[in-house]
Amino acid sequence: MANKGDVIENPITGEKIVFIQTAKDTNGEILELDLFVRPGGFVAAEHIHPIQDEEFEVISGTLALYRNGEKTIGNKGFHTTVTAGTPHVWTNDGEDELHCRLKFKPALNWEQMFETMFGLARDGKSDKKGLPNILQIAVMGTHFKNHAWLASPPIPIQRTMFTVLRPIGKLMGYKAIYPEYTKDSNR
């Protein structure tokens with residue numbers, strides 16, 4: 001897993017993460033990171049955190065946050081929390097780099113999720129929206145089920161799809177965590 005100070009980048013979405021506090025630093029309570037996003041950059045998909053709150057604090061730039069389909073623009077000093085269970089997606093809505101401080105509570109093992117998603121993107125294994133193929137998503141989605149679900153289709157349908165597709169994905173060699181992307185190669 002990532003350590004405090006580690007930096008990872010996603011060339012597709014335009015995100016760069018600098019880890020401030022990791023799960024191991026906070027006994028699993030908080031993952032805190034600085035997120036830098038190039039103009040036009042975005043998070044890969046609208047999603048839902050089933051058991052986590054996600055806090056946003058805009059340090060500089062312009063954040064467009066869509067929560068339950070409603071758009072909010074946040075500039076320097078903007079602070080908000082997306083509560084567990086709330087569909088949301090965001091983009092850099094400005095002409096300058098966006099810098100946000102994010103906190104995930106509880107931390108879970110988001111470091112590995114980010115490392116895996118960004119690694120797949122760097123290796124050309126994601127589409128133009130930053131998402132890997134459906135078999136990869138099924139394997140990861142089952143493993144990281146407490147972290148995030150796509151906002152649609154409904155979660156029960158995703159659970160059923162992933163239950164069916166996960167074994168196929170594993171047979172095809174897909175993994176939830178890849179040693180080449182994360183410092184934790186024990187998985």
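- Under a 4.0 Å N-O distance rule, the pair Arg122/Glu9 does not qualify as a salt bridge.
- Hydrophobic clustering (side-chain heavy atoms under 4.5 Å, transitive across Ile, Leu, Val, Met, Phe, Trp, Tyr) groups Val82 together with Ile48.
- Here the straight-line distance linking atom SG of Cys100 with atom CG of Asp34 works out to 9.5 Å at 0.5 Å rounding.
- Proximity of a side-chain donor or acceptor of Asp93 to a complementary backbone N or O of Thr62 within less than 3.5 Å is not detected.
- Tracing side-chain contacts under 4.5 Å through hydrophobic residues (I, L, V, M, F, W, Y), one never reaches Leu65 starting from Phe42; they form parts of separate clusters.
- At a threshold of 4.5 Å between non-hydrogen side-chain atoms, the residues Gln21 and Lys103 do not count as touching.
- With values rounded to the nearest 0.5 angstrom, Leu35 atom CG is found 11.0 Å from Ile20 atom CD1.
- Test Glu55, Arg101, Lys4, Lys105 against Glu32 for side-chain contact (heavy atoms from CB on, under 4.5 Å) and you get one pass: Arg101.
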- Message: Using side chain to side chain contact (heavy atoms under 4.5 Å, CB included), reason through Ile134 and Met161 one step at a time and then give a plain yes or no.
- Response: CA-CA 10 Å; Ile134 189 66; Met161 286 175 28; 4.1 Å; yes
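- Residues Val7 and Ile17 do not share a hydrophobic cluster, clusters being chains of Ile/Leu/Val/Met/Phe/Trp/Tyr side chains in contact below 4.5 Å.
- Under the 4.5 Å side-chain heavy-atom criterion for grouping Ile, Leu, Val, Met, Phe, Trp and Tyr, Ile30 is not connected to Ile59 through any hydrophobic cluster.
- In this structure, CD1 in Ile168 is found 11.5 Å from OH in Tyr174, a value given to the nearest 0.5 Å.
- Annotation for Leu120 and Ser126: closest pair C-OG, 3.8 Å, computed over non-hydrogen atoms.
- Within the 4.5 Å cutoff, the side chain of Gln158 has heavy atoms near those of the Leu150 side chain.
- Atom CG in Leu135 sits 6.0 Å away from atom CG in Leu165 (nearest 0.5 Å).
- By the 4.5 Å heavy-atom criterion applied to side chains, Gln52 and Trp110 are counted as neighbours.
- Although no hydrogens or angles enter the test, the distance criterion places a donor-acceptor pair under 3.5 Å between the side chain of His49 and the main chain of His147.
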- Passes side-chain hydrogen bond (donor to acceptor under 3.5 Å, both in side chains), His88 versus Glu54? Steps please. CA-CA 10 Å; His88 63 288; Glu54 182 178 5; 2.8 Å; yes
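- Two residues are said to be in side-chain contact when any heavy atoms from C-beta on lie closer than 4.5 Å; Phe118 and Glu15 meet this criterion.
- Here the side chain of Asp123 pairs no donor or acceptor atom with the backbone of Lys125 at under 3.5 angstrom.
- Shown here for Thr91 and Leu98, the closest heavy-atom pair between the two residues is O-CD2, 4.3 Å.
- No donor-acceptor pair under 3.5 Å is formed between the side chain of Glu97 and the backbone N or O of Phe36.
- The CE atom of Met113 sits 9.5 Å away from the NE2 atom of His143 when rounded to the nearest 0.5 Å.
- Just one of Thr83, Thr80, Thr72 meets the side-chain hydrogen bond (donor to acceptor under 3.5 Å, both in side chains) condition when paired with Arg67; it is Thr80.
- For the pair Asn10 and Ile8, the minimum side-chain heavy-atom distance is 4.5 Å or more.
- By the 4.5 Å heavy-atom criterion applied to side chains, Phe144 and Asn109 are counted as neighbours.
- Judged purely by atom type and a 3.5 angstrom limit, Asp53 uses its side chain to pair as donor or acceptor with the backbone of Ala84.
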- Message: For a side chain to side chain contact (heavy atoms under 4.5 Å, CB included) check, start with the C-alpha distance between Leu31 and Phe19, then their side-chain angles and the critical distance, and finish with the verdict.
- Response: CA-CA 8 Å; Leu31 169 63; Phe19 293 97; 3.9 Å; yes
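- In terms of heavy atoms, Ala23 sits closest to Ala107 at CB-CB, 3.6 Å.
- Counting all heavy atoms, side chain and backbone alike, Pro50 lies closest to Trp149 at CG-CD1, 3.9 Å.
- Tyr181 approaches Thr116 most closely through the heavy-atom pair CD1-O, 4.0 Å.
- You'll find the side chain of Lys24 reaches within 4.5 Å of the side chain of Asn3, heavy atoms only.
- Of all heavy-atom pairs spanning Pro106 and Gly28, the tightest one is CB-O, 3.6 Å.
- Using a 4.5 Å heavy-atom cutoff, the side chains of His99 and Ser60 are in contact.
- In this structure, the side chain of Thr182 does not engage the main chain of Tyr178 through any donor-acceptor pair within 3.5 Å.
- Side chain of Asn68 to backbone of Glu70: no donor-acceptor contact under 3.5 angstrom is found.
- Taking the six-membered ring where the residue is Trp, Trp90 and Phe56 present perpendicular rings, their angle passing 60° and hence far from 30°.
- Put simply, CG on Leu33 and CG on Asp6 are 12.0 Å apart, with the number rounded to the nearest 0.5 Å.
- Both Tyr66 and Leu102 are part of a single hydrophobic cluster, where members link through side-chain heavy atoms under 4.5 Å apart.
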